[in-house]
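For the numbers below, each heavy atom of this structure counts, side chains included, while hydrogens, waters and symmetry mates do not. Since we're looking at a predicted model, the values are computed, not measured.
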Amino acid sequence: MVRVRFAPSPTGNVHVGSLRTALYNYLFAKKQKGDFLLRLEDTDRTRLHEGAADNLLKALYDTGVIPDEGLVLDEDGNQAQKGDVGPYIQSERLELYQHYIKQLLDDGKAYYCFCTKERLDDLREHQKAVGETPRYDGHCRDLSQEEIQRRIDAGEPYVIRLKLPENKEITFSDTVRGDVTINTADLDDQVLIKADGFPTYHFAVVVDDHLMGITHVIRGEEWLPSTPKHVYLYECFGWDAPQYVHLPNILNADHKKLSKRQGDVAVGDFLDKGYLPEALVNFLALLGWSPEDEREIMTLSEMVDAFDITKVHRSGAVFDREKLDWMNGQYIKAMDDEALAERIAPYFDDENIDHDTLVQYASLIKERIACLSQAPDSVKEILNGDFDWPAEGEAYDILHADTVPILYNALYEKLTGESDWNAENIQGHIKAIQKEHKKEGVKGKALYMPIRLMLTGVMHGPDLALIMSVLGKDECLKRLRRFHDEIL
RNA sequence: GGCCCCUUGGUCAAGCGGUUAAGACAUCGCCCUUUCACGGCGAUAACGGGAGUUCGAUUCUCCCAGGGGUCACCA
């Protein structure tokens, strides 16, 4: 039975890269009919962030990447832990780490280290200055039992380090990268337990992944260089290591790691902006993986069916915001007006607009916006009545053509008489005008464009009758009168 | 700098010894349309370099170059 986990630390907002990692774990688990767990790695007390766990859960549930086990949301939407191998929050597992570190200590696989921060800093600085790779020098590796006891009793702060064998090649297999070999000579005696008694990531992941029965570790490639330490720990305990899958990074356009400097990176930011969660997830899934066929627009469950972890790309993928826009637009266009009206409603919050109007707005902008937050501006751009008619250029010429007065009179009269104001009837009037005044040149572009200009001031926009319908009779007539007074 | 990983068009990516080297985004045309947008059609555009292996390399091997990651009592 496949069991995978997403194990972020609650340090702030959820990065889209993290979401993708979670997503791949989820897709793999579901494809293999296994479980996807969420574990919180909160061993760094200095970086804890208020509400981070809530953010995390919200991002996951909003996007449908929902954990089967571990930290979850209960029926009431409250944080809860679910499963038999908890707790799923590392700070609640301290006794466990104590137990296992003792075993390592007893076996001589780990040792106490009393080196001060200052000594370590000096050491590192010196090594750098001499051009050496910064590394722990093993100062406390061989302290006598007596000295250790004495210093502990004296209350000296200490950490516990992994005693790495010297010059040993450690090889592990990675699903996307194949066999990777690293020599312990290039590795540090990693701190396993910090001075505050908390485990470091390196120790906690191994203990937890083993105890939780994790079969596949799917994580970012930044973990690749430290994986040998983890593999060695499994060896020390006599446990089977999981299968590793290191995912490529998501990059900025400059091929650097995706960072806040160049736009949004938090899942919440994208959702707030009006990127649909299903579009974001779809887009993210395709960064580093693609299905066998040529589909690009896929639901989560379609992705599950098509997902193949062995087809994950090896190299980093640039986060192309233009393509995200396109994809989001595809999702928006695929929605019906009612559904879209509901989704854009929050963005009109301050304006108190009724549902029917919202539906009309939806039909107006559906094919013009890339994300939901553009809705108000887009509507405003189309319906804005506070404009001046152009004083020059093609638009000016159109509005000052000889046929415009004829058109104006006919239009004003017909619209005034219309009692059932809808797009179809409006279109009928325009057609009728064309029929009656065709011989005077009021037809085609010379018919539609002046009307569009009279009513909106600009030469482009959605279907004219549709705009007029949404504008309403009073507003249309008002604009026509203003045109008459100011221009005609 | 040491170590590790990566390398097909501007971007995401098919490809897994023999192909006219897919497709998508973006760009540029044309078409559709009263306009814009949508949509349709088409165009431009790629195997980092060098050695091998092979009848034949984008596909296999090695070297180089470039890019990235990592070298914390952060994850």
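Taking atom C1' in both B:A46 and B:U8, one finds a spacing of 5 Å when rounded to whole Å. B:U27 sits 10 Å from B:C38 when the P atoms are compared, rounded to a whole Å. Taking the P atom of each, B:C63 and B:C3 are spaced 13 Å apart, rounded to whole Å. Taking atom C1' in both B:G42 and B:C16, the straight-line distance is 31 Å, to the nearest Å. Between B:C25 and B:A21, the distance separating the two P atoms is 23 Å to the nearest Å. As rounded to the nearest Å, B:C28 and B:C62 have P atoms that lie 44 Å from one another. Separation of the C1' atoms belonging to B:U44 and B:U59 is 26 Å when rounded to the nearest angstrom. Atom P of B:C32 sits at a distance of 25 Å from the matching atom of B:G23, rounded to the whole Å.
For an aromatic pair to be called close, the ring centres must be under 6.0 Å apart, and A:Tyr244 with A:Trp223 fails this. Remark: aromatic rings of A:Tyr24 and A:Phe307 are close, center separation under 6.0 Å. Note: A:Phe283 and A:Phe319 meet the aromatic proximity criterion, with ring centroids under 6.0 Å apart. Residues A:Tyr234 and A:Phe203 keep their aromatic ring centres 6.0 Å or farther apart.
By the 4.0 Å N-to-carboxylate-O rule, A:Arg39 lies close enough to A:Asp209 to be salt-bridged with it. Under the 4.0 Å criterion applied to side-chain N and carboxylate O atoms, A:Lys163 and A:Asp189 are not assigned as salt-bridge partners. A salt bridge links A:Asp137 and A:Arg119; the closest N-O separation between the charged side-chain nitrogens and carboxylate oxygens is under 4.0 Å. Salt bridge present: A:Lys168 and A:Glu235 bring a charged side-chain N and a carboxylate O closer than 4.0 Å.
Both A:Pro199 and A:Arg20 lie near RNA chain B, and the one whose nearest nucleotide falls closer to the 5' end is A:Arg20. Each of A:Asp44 and A:Tyr448 was assigned the nucleotide of RNA chain B with the nearest heavy atom; the assignment lying further toward the 5' end belongs to A:Tyr448.
Relative to the six-membered ring of A:Tyr136, A:Arg161 meets both conditions, a distance below 6.0 Å and an angle of at most 45° to the axis.
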| remark: Scoring nucleotides 59-72 of chain B by protein non-hydrogen atoms under 4.0 Å (B base, S sugar-phosphate only, - none) yields ---------SSSBS

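Among the atoms of the strands shown, base atoms are found under 4.0 Å from some heavy atom of A:Gly461. Among the heavy atoms of the strands lying under 4.0 Å from A:Ala195 is at least one base atom, whether or not backbone atoms are also near.
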Between the protein and nucleotides 37-47 of chain B, list every N/O to N/O distance that falls short of 3.5 Å.
from  : atom 1 : to       : atom 2 : distance (Å)
B:A37 : O2'    : A:Glu367 : O      : 2.5
B:G39 : OP1    : A:Gln330 : NE2    : 3.3

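Taking only side-chain nitrogens and oxygens, A:His313 comes nearer than 4.0 Å to OP1 or OP2 of B:A14. For B:A75, the OP1/OP2 oxygens have no side-chain nitrogen or oxygen of A:Thr11 closer than 4.0 Å. For B:A75, the OP1/OP2 oxygens have a side-chain nitrogen or oxygen of A:Lys194 closer than 4.0 Å. Between B:A75 and A:Thr43, a contact under 4.0 Å exists linking OP1 or OP2 to a side-chain N or O.
The side chain of A:Arg47 approaches B:A75 more closely than any other nucleotide in the set B:C4, B:A75, B:U7. Side-chain proximity of A:Asp463 to the nucleotides B:C73, B:U34, B:A14 is greatest for B:U34. Taking every side-chain heavy atom of A:Ser9 into account, B:A75 is the closest of B:C6, B:U34, B:A75. The side chain of A:Glu322 lies closest to B:A26 when the candidates are B:A26, B:C12, B:U35. Of the candidates B:C73, B:G23, B:C4, B:G23 carries the atom nearest the A:Glu296 side chain, counting heavy atoms from C-beta on.
Taking every heavy atom of both residues into account, A:Val404 and A:His400 meet most closely at CG2-N, 4.5 Å.
Counting distance only, with no hydrogens placed and no angle test, the side-chain atoms of A:Lys323 and the base atoms of B:A26 include no donor-acceptor pair under 3.5 Å.
Nucleotide B:A22 is matched to nothing when pairs are restricted to Watson-Crick or G-U wobble geometry with both distances under 3.5 angstrom. For B:G39, the paired base is B:C31 (Watson-Crick or G-U wobble, both distances below 3.5 Å). Base-pair partner of B:G2: B:U70 (Watson-Crick or G-U wobble, both distances under 3.5 Å).
Atom CG of A:Leu399 is separated from atom P of B:U34 by 19 Å (rounded to the nearest Å). A:Leu447 places its CG atom 15 Å from the C1' atom of B:U33, with the value rounded to the nearest Å.
With rounding to the nearest 0.5 Å, the separation of CZ in A:Arg295 from CG in A:Asn282 is 10.0 Å.
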